[in-house]
Amino acid sequence: MMFKIFSLDQDHEIHQLIEQCTPNDFHYHPNYLRLFSEYLSTEGMYDFYGDEKNYILTPIFKKRLSVNKKDEVYFHLFSPWYYGGPIYHVTDQTVLLKIFRTWRKELDKYCQENNIISEMYRLNPIIDNIYNPEIGIGY
């Protein structure tokens, strides 16, 4: 299993991943992210954790925050407007909780290595990716 960031330029790969996730909706589409990314002057991207059979995919925006006194740049991650949060594709339901837990650890590691100091996700009631206290985010 691996953690990877996809840019919006990787439309073909993103479309293939999204199509396998059930359920999903238009809030996860690269064109939706591109529209709001331009409007908000942020970087739209997807974080991916897993392999070809079992994975989590999350659309996110990365916004640059003001520079501190030491000239270090920090960032904030947040979900697209209205609805977001993770979607997933699994061939084996028994691995879902493990994948979510490991994904959170890998995302935390990515954030620490890239000066990302906060995250905010708007979960999607349309696809019922509700909050699960065992893993700390919706699924």
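Worth knowing before you read on, the calculation uses all heavy atoms, side chains too, and leaves out hydrogens, waters and symmetry mates.
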Inset, instruction - Output the distance between atom CG (L33) and atom CD (E43), rounded to the nearest 0.5 Å. - result: 11.0 Å
Inset, instruction - Taking atom types as modelled, find out whether Y74 and E72 have a side-chain donor-acceptor pair closer than 3.5 angstrom. - result: yes
Inset, instruction - Using the rule that two of Ile, Leu, Val, Met, Phe, Trp, Tyr join whenever any of their side-chain heavy atoms come within less than 4.5 Å, decide whether L40 and L35 are in one cluster. - result: yes
Inset, instruction - Indicate whether any N or O donor in one side chain lies under 3.5 Å from an N or O acceptor in the other, for H12 and Q16. - result: yes
Legend entry - Ring-face cation contact, F75 with K62, 6.0 Å cut, 45° max: yes
Inset, instruction - Rounded to the nearest 0.5 Å, what's the gap from CG on L107 to CG on L77? Could you check? - result: 6.5 Å
Legend entry - Joint cluster assignment, L65 & I60, ILVMFWY side-chain distance < 4.5 Å: no
Legend entry - Approximate separation, where rounding is to 0.5 Å, of H89 NE2 and I99 CD1: 10.0 Å
Legend entry - ring pair (Phe, Tyr, Trp, His ring centres under 6.0 Å) between F3 and Y49, intermediate numbers included: CA-CA 4 Å; F3 181 85; Y49 178 73; 7.1 Å; no
Legend entry - Any donor-acceptor pair under 3.5 Å from D51 side chain to M1 backbone: no
Legend entry - pair S79-F61: side-chain heavy atoms closer than 4.5 Å: no
Inset, instruction - May I ask you to test the P30-I18 pair for a side-chain heavy-atom distance under 4.5 Å? - result: yes
Inset, instruction - Check each of Y55, W103, F100 against Y88 using the side-chain contact (heavy atoms from CB on, under 4.5 Å) test, and report the only one that passes. - result: F100
Legend entry - Heavy-atom closest contact (I87 atom, P23 atom, distance): CG2-O, 3.9 Å
Inset, instruction - Keeping the roles fixed (side chain from N114, backbone from C111), state whether a donor-acceptor pair exists under 3.5 Å. - result: no
Legend entry - Step-by-step salt bridge (charged side-chain N to carboxylate O under 4.0 Å, His left out) determination, E119 to R104: CA-CA 12 Å; E119 303 171 59; R104 277 302 319 165; 3.0 Å; yes
Legend entry - Check: Y28 and L17 side chains under 4.5 Å, non-hydrogen atoms: no
Inset, instruction - Any chance you could measure E113, atom CD, to Y110, atom OH, to the nearest 0.5 Å? - result: 9.5 Å
Inset, instruction - Search all heavy atoms of P59 against all heavy atoms of G85 and return the closest pair with its distance. - result: CD-O, 3.6 Å
Inset, instruction - Using a cut-off of 6.0 Å, state whether more than 12 heavy atoms not belonging to R34 lie near its atom CZ. - result: yes
Inset, instruction - Measure from the side-chain N and O atoms of Q10 to the backbone N and O of S7, and report whether any donor-acceptor pair falls under 3.5 Å. - result: yes
Inset, instruction - Give the C-alpha distance, both sets of side-chain angles, the deciding distance and a yes or no for side chain to side chain contact (heavy atoms under 4.5 Å, CB included) between E106 and M2. - result: CA-CA 9 Å; E106 291 296 320; M2 68 171 180; over 6 Å; no
Legend entry - Distance in Å, F6 CZ paired with M45 CE, rounded so as to fall on 0.5 Å steps: 12.5 Å
Legend entry - Verify same cluster id: I117, Y121 (apolar side-chain graph, 4.5 Å): no
Inset, instruction - Drop me the distance from I14's CD1 to F48's CZ, to the nearest 0.5 angstrom. - result: 11.5 Å
Inset, instruction - Would you check if H27 and P80 make a side-chain contact, meaning some heavy-atom pair closer than 4.5 Å? - result: no
